[in-house]
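Residue numbers begin at 1 in each chain, while the letters A, B, ... track the order of the sequences.
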Protein chains: 2
Amino acid sequence: MKDLEVRQLRYFVAVAEELHFGRAAARLGMAQPPLSRAIRDLERELGVTLFERTTRQVRLTGAGEVLLRDARTALEAVTAAAHRTRQAGSTSPRLRIALKADIDGGLLPQILDAYHADPAALPPELVLGGFGEQAQALRDGLADVALVLCPWDGRGLDSEPLLTEPVLVAMAATDPLAARTHLSLADLAARSLPDGAPAAHGQSTPPRPRATRSASNLSEIFSLVETGSVVFFAPASVARRNPRPDVAYRPVSDLPHARLLVAWPQDARSPAVAAFVRAACAIAAARRAQEEAEAEAEADMPSSTT
Amino acid sequence: MKDLEVRQLRYFVAVAEELHFGRAAARLGMAQPPLSRAIRDLERELGVTLFERTTRQVRLTGAGEVLLRDARTALEAVTAAAHRTRQAGSTSPRLRIALKADIDGGLLPQILDAYHADPAALPPELVLGGFGEQAQALRDGLADVALVLCPWDGRGLDSEPLLTEPVLVAMAATDPLAARTHLSLADLAARSLPDGAPAAHGQSTPPRPRATRSASNLSEIFSLVETGSVVFFAPASVARRNPRPDVAYRPVSDLPHARLLVAWPQDARSPAVAAFVRAACAIAAARRAQEEAEAEAEADMPSSTT
DNA sequence: GGTCTTTCATACCCCCAGGGTATCGATGGC
DNA sequence: GCCATCGATACCCTGGGGGTATGAAAGACC
């Protein structure tokens with residue numbers, strides 16, 4: 001009944017992920033025999049067999065799968081405790097905001113302005129990361145609050161919706177498909193996506209079409225798009241802010257809308273986080289109202305075009 | 001940057017709770033000097049001072065408070081991993097249902113019937129506990145699913161509402177207040193509550209009036225109520241199922257309704273949990289529909305009384 | 001103000017748990 | 001049937017976590 005140690009959990013997760021004691025030991029920077037022994041001791045302690053092992057194969061048991069899931073979240077919680085404590089004890093505490101560049105729908109500057117006006121505000125610090133890394137940053141205590149796109153893994157996090165906007169496909173203006181005004185995902189199945197982009201909002205990763213080219217920022221992505229080597233899914237706000245002569249944006253009928261959320265750890269108590277969330281919700285509400293008004297004006301004067 | 005160990009977190013929590021190295025060491029079953037050293041090492045590792053200490057007083061710093069909160073949740077996650085893994089590896093896996101006796105609104109038998117009909121059902125096992133212990137049991141991996149009353153601490157848990165019902169006060173029929181038909185919390189301020197009951201649904205614990213008598217089950221509580229020594233807040237379903245000649249139930253104007261929820265760990269993937277939640281929601285919906293129908297019938301024939 | 005008590009920190013020692021090396025043994029491939 | 005691969009076992013050794021003895025500072029009490 002002695003409780004588990006972080007070291008044991010780390011070892012277990014390594015073996016469970018590698019399904020190979022030798023490789024797991026290498027990853028952990030240790031020799032294989034002590035790792036085998038550590039796992040055996042762990043199994044004895046829990047009174048449970050975690051792996052079915054032969055000399056040729058290592059397989060997780062059902063109990064092993066349960067432990068893998070729970071061990072990961074426990075390890076997250078431990079590293080988060082360390083990171084958050086260091087941050088809280090730092091001489092210049094900051095509000096660390098995790099987001100992916102260019103996905104803030106153009107809201108971030110206004111949100112930061114509104115946030116600064118709050119007396120509880122700490123100096124903000126942007127933590128940029130790839131798609132889907134924001135939630136992990138929150139869980140690991142590397143960020144205090146995040147802007148994330150749906151779909152996301154919200155375990156342990158709270159969130160408020162900010163914006164919902166349609167997603168367009170960006171393709172070379174010379175692409176034959178650009179001649180059509182409406183497309184479906186099926187039409188695009190043969191096109192490559194830039195690496196690091198969400199495969200397709202919502203559904204389980206469809207087989208990444210072809211070898212995907214890697215690109216980490218919008219300008220790189222757009223140069224790939226312009227050459228016709230890839231297509232790219234861009235929320236309407238991104239499309240609006242990046243008009244390019246050689247890039248055509250087209251609606252895709254069956255692509256779910258992009259939903260931008262503000263998220264934070266469920267047990268966050270920091271007033272700075274609360275201030276940021278309030279600011280983000282207020283600015284997003286204002287933006288929605290403004291867009292609604294514009295849509296109405298558009299309806300009144302259907303001749304006007306942008 | 002070496003990561004924290006469970007032992008360090010346990011030590012820290014003990015000191016943070018006792019605010020006294022000697023007592024904390026005693027609680028941990030160890031001597032005081034190694035504990036002091038462990039805390040000092042922890043502070044060095046994090047680069048943060050966690051306690052302001054003089055020889056006469058130990059006080060948590062801000063960073064210490066952050067770590068206290070996060071360390072508790074991390075420790076919960078670790079013990080939950082152990083408990084859930086043991087349970088998953090057991091030869092006779094069960095669905096452990098946490099609840100407080102008598103707060104199921106009379107739904108439990110039907111829920112269990114419906115649950116049994118599900119092919120994913122595991123044999124159920126009831127885990128009884130006091131008020132507010134259900135959420136903790138879920139977080140510690142001692143239960144898989146729970147029936148809880150609002151208000152509750154839902155950090156890390158998901159839930160679905162089942163029932164909302166008014167709360168009545170149960171008092172001795174001879175109590176002078178029993179002569180009135182409507183009461184407010186202020187009227188009851190001078191009455192004692194049985195120990196272990198929720199102080200007052202919703203608000204922060206009001207000063208427990210008088211020395212509260214301890215009682216762990218409904219019959220004990222009712223005998224105390226009948227003698228006039230205490231009053232007791234009972235959801236309507238409990239009152240309906242426990243008519244007693246010497247106990248009067250009266251509505252209280254400013255007492256929030258009791259809300260019964262079914263809750264489970266956010267990352268639960270067990271089909272048995274899903275089956276139980278489905279069963280609970282279905283039965284609760286049926287109950288709500290039935291009560292609505294009864295209310296309508298009542299409205300049609302206002303002369304009928306129960 | 002001196003002394004005593006309380007309580008956290010320091011100094012020093014010791015033991016074993018966790019890690020390394022060498023080797024065995026089983027299993028599947030050729 | 002031999003070999004290569006990979007997990008398990010046996011044994012040793014070192015570092016860190018824990019114990020005891022003691023110091024030092026800060027209230028309490030006369």
Side-chain angles (χ1 to χ4, degrees), chain A residues 1-61 63-64 67-68 71 74-75 78 82, chain B residues 1-61 63-64 67-68 71 74-75 78 82:
Chain A
M1 275 297 166
K2 233 191 67 188
D3 47 33
L4 303 182
E5 277 298 327
V6 167
R7 184 177 38 78
Q8 297 179 288
L9 296 180
R10 288 235 132 81
Y11 290 0
F12 169 76
V13 170
V15 176
E17 285 178 357
E18 300 285 347
L19 291 179
H20 189 289
F21 281 75
R23 278 195 298 275
R27 202 174 100 181
L28 293 165
M30 66 187 290
Q32 169 259 321
L35 178 58
S36 283
R37 200 182 48 178
I39 297 293
R40 175 173 53 76
D41 292 349
L42 176 60
E43 289 180 322
R44 282 215 211 300
E45 242 175 88
L46 292 172
V48 158
T49 77
L50 299 169
F51 297 103
E52 302 282 355
R53 31 208 195 279
T54 71
T55 60
R56 307 303 290 180
Q57 196 177 9
V58 175
R59 223 174 36 251
L60 265 181
T61 64
L67 183 57
L68 179 54
L75 290 175
V78 170
Chain B
M1 275 298 166
K2 234 190 67 189
D3 48 33
L4 302 182
E5 278 297 325
V6 168
R7 184 178 36 79
Q8 297 179 290
L9 297 180
R10 289 234 130 82
Y11 290 1
F12 169 76
V13 170
V15 175
E17 285 177 356
E18 300 284 347
L19 290 178
H20 189 288
F21 282 77
R23 278 195 298 275
R27 202 175 100 184
L28 294 166
M30 68 187 290
Q32 169 260 320
L35 178 57
S36 284
R37 200 183 46 178
I39 298 293
R40 174 172 54 76
D41 292 349
L42 176 60
E43 289 179 321
R44 282 215 213 298
E45 241 176 270
L46 292 172
V48 158
T49 76
L50 299 168
F51 296 102
E52 302 282 355
R53 28 209 197 278
T54 70
T55 60
R56 308 303 289 178
Q57 196 179 8
V58 175
R59 223 172 38 250
L60 266 181
T61 64
L67 183 57
L68 179 55
L75 291 175
V78 171

Between the protein and nucleotides 21-28 of chain C, are there any N/O to N/O pairs under 3.5 Å, and if so, what are the atom names and distances?
from	atom 1	to	atom 2	distance (Å)
C/dT27	O4'	A/Thr55	OG1	3.0

Roughly how far, to the nearest 0.5 Å, is [atom2] of [Y] from [atom1] of [X]?
X: B/Leu67; Y: B/Leu60; atom1: CG; atom2: CG; value: 9.0 Å
X: A/Leu19; Y: A/Arg53; atom1: CG; atom2: CZ; value: 11.5 Å
X: A/Leu68; Y: A/Thr61; atom1: CG; atom2: OG1; value: 10.5 Å

Among residues at least two apart in sequence or on other chains, which ones pass side-chain contact (heavy atoms from CB on, under 4.5 Å) with [X]?
X: A/Ala82; value: A/Arg86, B/Leu4, B/Leu46
X: B/Ala74; value: A/Ala77, A/Val78, B/Leu9
X: A/Thr54; value: A/Arg56, A/Gln57

Pairs touching residues 15-42 of chain B that satisfy ring-ring contact (aromatic ring centres under 6.0 Å, His included), sequence neighbours left out: none
A/Glu5 and B/Val6 have their tightest heavy-atom pair at OE1-N, 3.4 Å
Taking B/Glu43 for its side chain and B/Leu50 for its backbone only, find out whether a donor-acceptor pair lies under 3.5 Å. yes
So B/Arg37, base contact, sugar-phosphate only, or nothing? Heavy-atom distance under 4.0 Å. base
Mind checking A/Tyr11 for me? I need base, sugar-phosphate or nothing, with any heavy atom below 4.0 Å counting as a touch. sugar-phosphate
Taking only residues two or more places apart in sequence, or in another chain, which ones meet B/Arg23 in a salt bridge (charged side-chain N to carboxylate O under 4.0 Å, His left out)? B/Glu18
Salt bridge (charged side-chain N to carboxylate O under 4.0 Å, His left out) involving A/Asp41 - partner list, sequence neighbours excluded: none
Rounding to a whole Å, what distance do you find between [X]:[atom1] and [N]:[atom2]?
X: B/Leu50; N: C/dC8; atom1: CG; atom2: C1'; value: 16 Å
X: A/Gln57; N: C/dG29; atom1: CD; atom2: P; value: 11 Å
X: B/Arg7; N: C/dG18; atom1: CZ; atom2: C1'; value: 13 Å

Walk along DNA chain D from 5' to 3' and tell me the first and last nucleotide with an atom closer than 4.0 Å to a non-hydrogen atom of chain B. D/dG17 to D/dG27
Partner residues of A/Phe12 under the ring pair (Phe, Tyr, Trp, His ring centres under 6.0 Å) criterion, sequence neighbours left out: A/Phe51
List the atom pairs, donor and acceptor, that lie under 3.5 Å between side-chain atoms in residues 28-37 of chain B and the rest of the protein, sequence neighbours left out.
from	atom 1	to	atom 2	distance (Å)
B/Gln32	NE2	B/Ser36	OG	3.0

Report yes if a side-chain nitrogen or oxygen of B/Arg40 is closer than 4.0 Å to either non-bridging phosphate oxygen (OP1 or OP2) of C/dA9; otherwise report no. no
End axis versus end axis in the helix from C/dG1-D/dC30 to C/dC30-D/dG1, the angle rounded to 10°, five pairs used at each terminus: 30°
Which residues, if any, of residues 12-29 of chain A bring a heavy atom under 4.0 Å of DNA chain D? A/His20, A/Phe21, A/Gly22
